[in-house]
Protein chains: 2
Amino acid sequence: MDRKQLIIEAATKSFSLFGYKATTMDQVAKLANVGKGTIYTFFKNKEELFDEIISTLIKEMKSAAESSFDPSLSFHENVHRALFKILEFRRKHQLTIKLYEEGKEMGTPAVMDVMEKMETAILNYIKEKVVSAIETGQIKKCDPELTAFVMLKLYIALIFDWEKKHEPLDKEEIAELFEQYIFKGLSN
Amino acid sequence: MDRKQLIIEAATKSFSLFGYKATTMDQVAKLANVGKGTIYTFFKNKEELFDEIISTLIKEMKSAAESSFDPSLSFHENVHRALFKILEFRRKHQLTIKLYEEGKEMGTPAVMDVMEKMETAILNYIKEKVVSAIETGQIKKCDPELTAFVMLKLYIALIFDWEKKHEPLDKEEIAELFEQYIFKGLSN
DNA sequence: GATTGACTATTTTGTTCATTTAGTCATTTC
DNA sequence: GAAATGACTAAATGAACAAAATAGTCAATC
């Protein structure tokens, strides 16, 4: 039985359910059916355990997005597919939501750090895709970094902020809005 | 001498300097050279005094935006001018900065309420402009509320969030980006 | 009748002390 | 003897209480 994996799974479960701060190492040990000391043979401390989980999450997200990417399709279409994948992914992963909330309303430093890391990873991924879309002439010339930033902010605004005062938007609506605002433009 | 006005001015000064929570009614009374009881002959309580100040601020913001509106220019040029005026206003005004900070890092309920009220006022203003732009056929048919929301979020992201990790964008750059993303679209 | 500031009830803040928790390490287990 | 463990410690957190500050009142004053 892979003890390290057991620990990671237990910690992921607890972080997803209760957040970073409210997860104790005793709890993780108990959940993993492992002595607390064992955790410290694999991870230097709580934050490093957390970091490993997040790094894995980032890798999983990237490969989920990548697997939905089809170079024979248009950039536009690929953004749709990647968006759908990430949206599905997000629903499955309680963890991201929990952490986003904890970062915002408690400002737990370890969580803030990790969210920044995630944001940077996502921005770099989008940026890379934007660069190749410009190269292949699929979209207009634009600043890739700024464009990635705008796309992510729009996404976050639609997913998290809009829900605060309105009915949540479903996958199709979000994809449609992206198309309307970012790709086609409002001008007649 | 208009005692009510003196109170409002003193309170505005103190809110701007110290924020809502750190402003005491004793302080306001002293600053206004007025007995504390006098404040309560004009305002039911601290929050109502605060509300009156903010309502005035919102009115001032609206008229600042309105004054920058030029019907001979295109819709998107006007939207940009109006939004920029509002955000510039917000930045210049010590009070809004202080309140923005207090809302974000202390979450003072009265401040949060008021910030929401401000955001709603801005959103309604944009929405109204979007509605008439759709009617006059200047932009495509779209959900005015969602469009106002997206525009405001994009502006805030470009003006406040982008600066956290990059060189600030100037007025012209922001205007161009807004046109590029929202109005023209990225598609070729 | 308007104004006031001493007064009160409530909230906020500071402090102490008990509990919880991250991380260690001597002991146990296989 | 290497890996695993959980009782242990130092540090962080939070509960409980006391003290201070503050919003709002109201009888006295102008």
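The sequence lines fix the lettering, A, B, ..., with proteins before strands; numbering per chain opens at 1.
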How many Å lie between [atom1] on [X] and [atom2] on [N], as a whole number?
X	N	atom1	atom2	result
B/F43	C/dA2	CZ	P	16 Å
B/K30	D/dA21	NZ	P	13 Å
A/K4	D/dA4	NZ	P	12 Å
A/I39	C/dT21	CD1	P	14 Å
A/K21	D/dA11	NZ	C1'	14 Å
A/F50	C/dT21	CZ	P	18 Å
A/F18	C/dT21	CZ	P	12 Å

Would one find a side-chain N or O of A/R3 under 4.0 angstrom from OP1 or OP2 of D/dA4?
->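 Yes, A/R3 has a side-chain N/O under 4.0 Å of OP1/OP2 on D/dA4.
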Between B/N33 and A/Y20, name the one whose nearest nucleotide on DNA chain C is closer to the 5' end.
->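 Checking each residue's closest nucleotide, the 5'-ward one belongs to B/N33.
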Using heavy atoms to find the nearest nucleotide of DNA chain C for B/V34 and A/A22 separately, return the residue whose nucleotide is more 5′.
->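 Closest to the 5' end, via its nearest nucleotide, is B/V34.
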In terms of side-chain heavy atoms, does A/K117 have a donor or acceptor partner in A/S55 at a distance below 3.5 Å?
->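 Yes, a side-chain donor-acceptor pair sits under 3.5 Å.
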Examine the side chains of B/H166 and A/E145 and answer whether a donor and an acceptor come within less than 3.5 Å of each other.
->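 On atom types as modelled, these side chains qualify, holding a pair under 3.5 Å.
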Return the residues of residues 102-112 of chain B meeting this criterion: a heavy atom under 4.0 Å from some atom of DNA chain D. Order them by number, or give none.
->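 Correct list: empty, so none.
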Each nucleotide N or O in nucleotides 23-30 of chain C that has a protein N or O under 3.5 Å away: list the pair and distance.
{"unit_1": "C/dG23", "atom_1": "OP2", "unit_2": "A/Y40", "atom_2": "OH", "d": "3.2"}
{"unit_1": "C/dG23", "atom_1": "OP2", "unit_2": "A/K46", "atom_2": "N", "d": "2.8"}
{"unit_1": "C/dG23", "atom_1": "N7", "unit_2": "A/K36", "atom_2": "NZ", "d": "3.1"}
{"unit_1": "C/dG23", "atom_1": "O6", "unit_2": "A/K36", "atom_2": "NZ", "d": "2.6"}

Verify, without hydrogens or angle tests, whether A/K46 (side chain) and A/T23 (backbone) share a donor-acceptor contact under 3.5 angstrom.
->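 Judged by distance alone, yes, a pair lies under 3.5 Å.
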Under 3.5 Å donor-acceptor, A/T136 side chain and A/S132 backbone =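 Yes.
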Can you confirm whether [X] sits close enough to [Y] that some side-chain heavy atom of one is under 4.5 Å from a side-chain heavy atom of the other?
X	Y	answer
A/F15	A/I54	no
B/K153	A/W162	no
A/L95	A/I53	yes
A/M151	A/F178	yes

Please state whether the rings of B/F50 and B/Y20 are parallel, tilted or perpendicular, taking 30° and 60° as the class boundaries.
->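 Ring orientation, 0 to 90° scale: tilted.
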